[in-house]
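What follows is a set of notes on a single structure, which appears directly below.
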Amino acid sequence: MSIVRPYGDTTGDGMVQLSFTLPIPHSKVAEGAAAQLAGKMGLDPALVVHAKPMGPDFTFFVVYGRVSHLVDTDQVQVVERDYPLLTPKEVNLAIRKGLRRRLTVVGGCIGTDAHTVGIDAILNIKGFAGEKGLEYYREIKVVNLGAQVSVPQLVARAREERADAILVSQVVTQRDAHLLNTKEMSAAFRESYPAARRPLLIVGGPRFDEKMAVELGVDRVFSRGTTPGEVASYLTHQLVANRKKVDA
């Protein structure tokens with residue numbers, strides 16, 4: 001069955017929970033405003049189950065209610081993984097045989113973004129979700145530039161290291177900073193490199209839509225929950241396996 005409804009208390013009851021902040025002090029009027037907003041969003045009934053002041057001029061709400069909308073999963077569009085997941089041993093062997101040198105990755109957080117947890121989870125040896133980061137892979141050289149790296153600095157270091165791939169993490173999303181920074185980075189690399197020599201451009205973060213790669217000018221977008229093994233397998237697929245097909 002491809003048609004589904006939200007589940008809250010009983011199967012198919014359409015109950016959902018959502019949260020938001022309104023720029024008004026906490027009061028009965030504020031709670032009424034939250035219920036009114038939820039009603040206009042289609043929740044009926046809309047119940048304010050939590051309200052908390054966020055300073056003197058803002059209030060955070062959690063609203064619970066029923067929606068009548070249905071979802072057709074046959075119409076859902078997502079980016080499916082189009083490459084095999086490899087073990088670290090398989091990645092190392094493929095790079096050694098295919099490139100006959102180490103694969104170089106330069107990564108960091110660009111712009112004013114100082115949130116390195118995401119990029120560190122992928123690059124650092126401690127890794128994420130029980131998987132070792134790319135530093136663990138013998139045939140991958142990792143250059144982690146850390147936080148608040150300017151785009152010119154990133155391009156310059158990529159050229160210095162002869163990078164095969166660029167990994168950028170963006171967590172700060174106010175006023176679409178993550179999208180603007182990514183487009184700036186993409187444009188800078190395309191201006192600085194001939195098309196055939198440009199490094200693979202990869203960006204990730206919790207607010208990215210994986211379908212936006214073409215719009216952002218990058219080769220791949222990874223969203224929340226991505227593991228080091230997925231990234232390593234993608235790098236191997238793009239830079240080793242696909243290169244073999246082209247050379248052949």
Side-chain angles (χ1 to χ4, degrees), residues 78-110 115-147 149 154-155 157-171 182 185-186 189 193 195-206 208-214 216 218-248:
V78 296
V79 177
E80 296 284 3
R81 178 169 52 81
D82 54 359
Y83 55 90
L85 284 178
L86 305 175
T87 66
K89 183 177 179 179
E90 290 171 329
V91 168
N92 287 328
L93 182 60
I95 294 173
R96 186 165 63 249
K97 285 187 173 181
L99 295 185
R100 297 174 183 255
R101 60 171 176 80
R102 297 178 77 191
L103 187 155
T104 300
V105 174
V106 174
C109 300
I110 58 176
H115 300 76
T116 62
V117 173
I119 194 69
D120 288 344
I122 300 300
L123 298 182
N124 288 1
I125 193 169
K126 63 183 179 181
F128 169 70
E131 296 183 5
K132 299 290 187 181
L134 299 190
E135 289 180 344
Y136 174 76
Y137 292 73
R138 184 175 59 253
E139 299 299 328
I140 297 179
K141 176 184 177 182
V142 173
V143 180
N144 188 347
L145 301 181
V149 181
L154 183 63
V155 173
R157 190 62 182 271
R159 297 183 71 90
E160 177 186 337
E161 298 288 346
R162 297 184 179 181
D164 296 290
I166 306 300
L167 268 62
V168 163
S169 172
Q170 290 281 264
V171 175
T182 300
M185 176 196 70
S186 170
F189 273 95
Y193 282 84
R197 293 181 53 214
R198 176 181 60 80
L200 202 65
L201 300 179
I202 303 170
V203 66
F208 280 107
D209 183 340
E210 292 179 315
K211 300 188 295 293
M212 295 181 67
V214 173
L216 296 175
V218 298
D219 297 289
R220 188 79 178 196
V221 174
F222 284 112
S223 61
R224 65 190 183 281
T226 299
T227 66
E230 291 178 279
V231 176
S233 298
Y234 174 73
L235 292 173
T236 304
H237 175 74
Q238 289 296 106
L239 297 172
V240 181
N242 279 357
R243 182 171 296 180
K244 284 183 179 179
K245 294 178 183 178
V246 172
D247 293 342

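Smallest separation of non-hydrogen atoms from L235 and L134: CD1-CD1, 4.0 Å. Nearest heavy atom pair, residue Y193 against residue V155, reads OH-O, 4.3 Å. Scanning both residues, V171 and P206, for their nearest heavy atoms gives CG2-CD, 4.3 Å. Residues E161 and V143 come closest through the heavy atom pair CD-CG2, 3.8 Å. Heavy-atom minimum distance, F128 versus G225: CE2-O, 4.0 Å. Closest approach of C109 and I119 over heavy atoms only: SG-CG2, 4.0 Å.
Residues V221 and V79 have side chains not in contact (no heavy-atom distance under 4.5 Å, counting atoms from C-beta outward). R96 has its side chain within reach of L93: a pair of non-hydrogen atoms, C-beta onward, lies under 4.5 Å apart. Proximity of Y83 to T236: side-chain heavy atoms (C-beta onward) are nowhere separated by under 4.5 Å.
With rounding to the nearest 0.5 Å, the separation of CD in E139 from CG in L103 is 9.5 Å. For the atom pair CG of N144 and CD of E135, the computed distance is 7.0 Å after rounding to the nearest 0.5 Å. Atom CZ of R220 is separated from atom CG of L201 by 14.0 Å, given to the nearest 0.5 angstrom. How far CZ of F208 is from OG1 of T182: 3.5 Å, rounded to the nearest 0.5 Å. Distance check: R224 CZ to F222 CZ gives 14.5 Å after rounding to the nearest 0.5 Å. In this structure, OG1 on T104 lies 11.5 Å from CD on E160, to the nearest 0.5 angstrom.
The backbone N or O of R138 sits less than 3.5 Å from a side-chain atom of N92, completing a donor-acceptor pair. Under a 3.5 Å cut-off, the side chain of N124 and the backbone N or O of K126 do not form any donor-acceptor pair. Panel note: side chain S233, backbone E230; no donor-acceptor pair is recorded below 3.5 Å. A donor-acceptor pair under 3.5 Å is absent between the side-chain atoms of E210 and the main chain of V78, judged by distance alone.
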**OP:** Report the C-alpha distance between V240 and L99 in whole Å, list the side-chain angles of each, state the deciding distance to 0.1 Å, and finish with yes or no for side-chain contact (heavy atoms from CB on, under 4.5 Å).
**Re:** CA-CA 7 Å; V240 181; L99 295 185; 4.0 Å; yes
**OP:** With side-chain contact (heavy atoms from CB on, under 4.5 Å) as the test, would you mind laying out the steps for V218 and V168 before giving the verdict?
**Re:** CA-CA 10 Å; V218 298; V168 163; over 6 Å; no
**OP:** Verify side-chain contact (heavy atoms from CB on, under 4.5 Å) between Y137 and I95, making sure each step is shown before the conclusion.
**Re:** CA-CA 10 Å; Y137 292 73; I95 294 173; over 6 Å; no
**OP:** Kindly determine whether Q238 and D164 satisfy side-chain contact (heavy atoms from CB on, under 4.5 Å), including the steps that lead there.
**Re:** CA-CA 10 Å; Q238 289 296 106; D164 296 290; over 6 Å; no
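For the residue pair T227/E131, the side-chain donor-acceptor check at 3.5 Å is satisfied.
With sequence neighbours excluded, no residue satisfies salt bridge (charged side-chain N to carboxylate O under 4.0 Å, His left out) with R102.
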